[in-house]
Amino acid sequence: MYLCAAVKDLKEIIKYTFLYKGTAALVVVCNLLFVVFNLLSLVLFIPILQLIFSNPDTAVRPIPAPTMESLLDVGNYLKQSYEYHMAQWVQSDPKMALLGVCISVFLAFFLKNFFRYGAVWFQSELRMAVVRDLRNSLFNRALVLPLSYHSNERKGDLMARMNSDVGEIEIAVVSVLELLFREPIAVIINLITLILLSPELTLFSLFLLPVSAFVISRISKSLKKTAKLGQEQTGLLYAAIDEALNGIRIVKAFGAIRFVQTRFERINLIHQKLITKTFRKKDLAPLLNETIGALIMLLIVWFGGVLILDHRGVGLSGEVFLTFIIVFSQLLRPIQGISTSLSNLAKARVSLDRINEVLNQPEVILEEKDPTILTDFTNRLTFQNVSFSYQSDPILCDLNLEIKKGQTIALVGESGSGKSTLLDLIPRFYDPSSGALFIDGINIKQFSIDSLRSKIGMVTQEPLLFNGSVLDNIAFGEDFPDLEKATRAAKIANAYSFIMALESGFDYNIGDRGNKLSGGQKQRISIARAIYKNPEILLLDEATSALDTESERLVQEALDEIMKGKTSIVVAHRLSTVVNADLILVMSKGVITEQGSHEQLLSKNGDYAHFCRLQGLK
Ligand code: ADP
Ligand code: MG
């Protein structure tokens, strides 16, 4: 039962490990050679022990010439021939033999550690390659997943999955190789050696195996549960860090340092407790196993010792007994290793589930199998009976709308009426719950997402810029920015003169999120970015709302300039900016309540007229 679960855990980790077959194979080979030389470094001593400890008065026990009755006997044959030749050498030139053995033992030690390092060498490459791949696919996935997936709480969670969960897989990849190829082989080789040395005593040592298996399975089970809680808490921890550092300005301004700190410390404390618990459980199994192993070893010492003291040891000489104990102690290490690896796998299983959860997250915004490429927007953009809701509450209700190419449409309405949501449907950040959008009569779902979005430019209230140069930000997403085009865009966006006044002009690094620029400057860069892309449809969502009057004037001029000859949908807080729109839509609670030109709406004397009066526009 437990084994089944363990095998299932293994399968997926193995899949990742053997993505790099060559490297994995090298690790395995190095590990095998390590095991062999480790054993050799210990057993090569036996005949010499015999030489040194044997009483010079009694003749050295005669060693029979090696014989091989069957192929199965090959181990015994090797042992016999080694002993036979050594005995001959010892008899002819004991000091040379001693020197020879010392040199070969040193060689065995050297090779053992050489191959151990070889294994580590290739392991490092393998584990980091797997980590890189996993991070790449997680990051890719995170970029592809729809906006609805990315709420703030998810950010910390995603970071935890990319960091600490991937770290668990990294450990497991190494463990799985040891578990499959090193430890079992070490156990088998050591066991065979023990049988060759003394079958009776070996029977005793076999008790170790089932007891260990039991200990491991009990602890792994409880470990998984704790590990899961721990990783979830890591997500909360990252989210708290991210939120606090992004909002550091507000944290300071509101004197909330203590408040935020206390909240963080609370999350951190729970994290500490959970992870401590995980470590404690994880490290318990190998230690218990070692203790049990030591107990069994001492039982053997007692049992074998009594046999020898009573002179009943069936061919059990002192040096064989000593070697047996040494080899047996070597059996403990791989068993401990198996138990560590299984603990690691149990932890990795939890992380793997969390990683797969992201990788298997369904993409809600799907492309058609054979998407049409949107080459030109020639005629009109239509909303047909469009409804939308984020969760259960309807946000947009049965909207019908037609926007002709070249028109400027203004959306006004109180905050929360669904204006931004309406804009988000056009580049398919969300799909309508019912109804559809059409460009030139074709449902936008039929276009390839890339070609659709390449026709759309966006300027939002909060200008989202990235750490990099001014040029990189204007030509965002392009590998080879075109300075000339960027200069033209900057000029139209009223940004050219301030860019030129910057220390290094277009190469100036604007800092994280563009924080080295003022609000108005950031917004003008984001407008230049939209112009650089030369879109056919412009979506402006309260692009000037966050600015002071002077910046607003500059930005508004820039916007007026780029809207020329484009189809634009403008959400504006300040009505003075929408007076010239071809069509003004008034939204309230997800429905369009009024529409018409400025004059028409004023004469209607409805909501729009009311807004205008509030802003002193009439
Ligand atoms: P507006 O831009 O007109 O101020 P929005 O389109 O941003 O309004 O929001 C419309 C409604 O949708 C609001 O009631 C808001 O609470 C809700 N809303 C916006 N974004 C989300 C979201 N990601 N998840 C759930 N509800 C949302
Ligand atoms: Mg909005």
Side-chain angles (χ1 to χ4, degrees), residues 142-158 239 242-243 246-247 361-365 381 383 385-401 403 408-435 437 456-464 519 522-523 526-527 530 537-547 552 555-556 559 568-578 581 583-595 601 606-608 610-612 614-615:
L143 289 183
V144 170
L145 283 176
L147 286 188
S148 52
Y149 184 83
H150 293 279
S151 62
N152 211 11
E153 153 211 10
R154 284 262 169 74
K155 204 151 99 187
D157 185 58
L158 265 176
D242 177 70
E243 203 173 46
N246 278 332
Q361 185 75 26
E363 232 173 282
V364 188
I365 309 292
L381 167 67
F383 283 63
N385 306 106
V386 170
S387 299
F388 178 79
S389 53
Y390 288 105
Q391 277 106 28
S392 51
D393 301 336
I395 304 291
L396 299 176
C397 315
D398 202 27
L399 282 183
N400 285 294
L401 186 61
I403 299 160
T408 297
I409 307 290
L411 275 177
V412 297
E414 73 246 22
S415 169
S417 56
K419 305 179 297 289
S420 301
T421 307
L422 187 148
L423 293 191
D424 283 345
L425 296 182
I426 300 171
R428 286 193 73 196
F429 292 159
Y430 301 96
D431 280 337
S433 326
S434 67
L437 280 77
I456 299 170
M458 216 173 192
V459 181
T460 52
Q461 178 169 2
E462 192 191 348
L464 292 170
K522 277 194 270 189
Q523 193 58 294
S526 87
I527 292 171
I537 301 171
L538 263 178
L539 308 178
L540 307 177
D541 193 354
E542 313 218 27
T544 58
S545 305
L547 304 177
E552 188 192 353
V555 169
Q556 192 57 52
L559 289 176
S568 3
I569 306 179
V570 185
V571 176
H573 190 65
R574 268 161 247 189
L575 298 181
S576 54
T577 58
V578 306
L583 180 69
I584 299 169
L585 305 169
V586 182
M587 279 187 79
S588 170
K589 300 198 180 82
V591 273
I592 296 172
T593 49
E594 293 174 21
Q595 52 180 306
L601 288 177
D607 281 345
Y608 182 78
H610 176 66
F611 290 144
C612 285
L614 283 181
Q615 296 194 6

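As the structure lists them, so they are numbered: ligands from 1, and atoms in each ligand from 1. All figures in this text were calculated on a predicted structure; none of them were measured in a lab.
- Ordered by chain and number, Ser420 OG make up the set of protein N, O or S atoms under 2.8 Å of the Mg ion (ligand 2).
- Distance alone, capped at 3.5 Å, is enough to place a donor-acceptor pair between the Gln523 side chain and the Ala543 backbone.
- Phe429 and Ile365 get closest at one heavy-atom pair: O-CD1, 3.8 Å.
- The distance from the CG atom of Leu145 to the CG atom of Leu158 is 8.0 Å, given to the nearest 0.5 Å.
- Ser389 approaches Gln391 most closely through the heavy-atom pair OG-O, 3.4 Å.
- For the pair Gly418 and Ile395, the tightest heavy-atom approach, listed with the atom from each and the gap, is CA-CG2, 4.3 Å.
- Considering only residues two or more places apart in sequence or on other chains, Glu594 meets the salt bridge (Lys or Arg N to Asp or Glu O under 4.0 Å) condition with none of them.
- For the pair Phe611/Val586, a side-chain contact is recorded, criterion being any heavy-atom separation below 4.5 Å from C-beta on.
- By the criterion of a heavy-atom distance under 4.0 Å, both the backbone and the side chain of Thr421 are placed next to ligand 1.
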For residues 419-428, which side-chain N or O atoms pair as donor and acceptor with protein atoms under 3.5 Å away, sequence neighbours left out?
from, atom 1, to, atom 2, distance (Å)
Lys419, NZ, Gly413, O, 3.0
Lys419, NZ, Glu414, O, 3.1
Ser420, OG, Asp541, OD2, 2.7
Thr421, OG1, Tyr390, OH, 3.0
Arg428, NE, Asp431, OD1, 2.9
Arg428, NH1, Leu366, O, 3.2
Arg428, NH2, Leu366, O, 3.0
Arg428, NH2, Asp431, OD2, 2.9

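- Asn400 places a side-chain N or O within donor-acceptor distance of the main-chain N or O of Asn385, the cut-off being under 3.5 Å.
- When the salt bridge (Lys or Arg N to Asp or Glu O under 4.0 Å) test is applied to Glu462, no partner is found at least two apart in sequence or on another chain.
- For atom 3 (O) of ligand 1, the closest non-hydrogen atom on the protein side is Lys419 N, 2.8 Å.
- Summary of contacts: the protein heavy atom closest to atom 12 (O) of ligand 1 is Ile395 CD1, 3.3 Å.
- Looking at Gln391 next to ligand 1, no N or O pair under 3.5 Å apart turns up.
- Counting heavy atoms only, Ser420 comes closest to atom 7 (O) of ligand 1 of the residues Ser417, Ser420, Gly413.
- Those atoms of ligand 1 with a heavy atom of Ser415 less than 4.0 angstrom away are 4 (O).
- With respect to atom 19 (C) of ligand 1, the closest heavy atom belonging to the protein is Tyr390 CE1, 3.3 Å.
- In terms of protein heavy-atom proximity, atom 10 (C) of ligand 1 is nearest to Gly416 O, 3.5 Å.
- There is no protein heavy atom closer than 4.0 angstrom to atom 16 (O) of ligand 1.
- Taking all atoms of both residues into account, the shortest heavy-atom contact from Ser433 to Phe388 is OG-CA, 3.1 Å.
- For atom 27 (C) of ligand 1, the nearest protein heavy atom is under 4.0 Å away.
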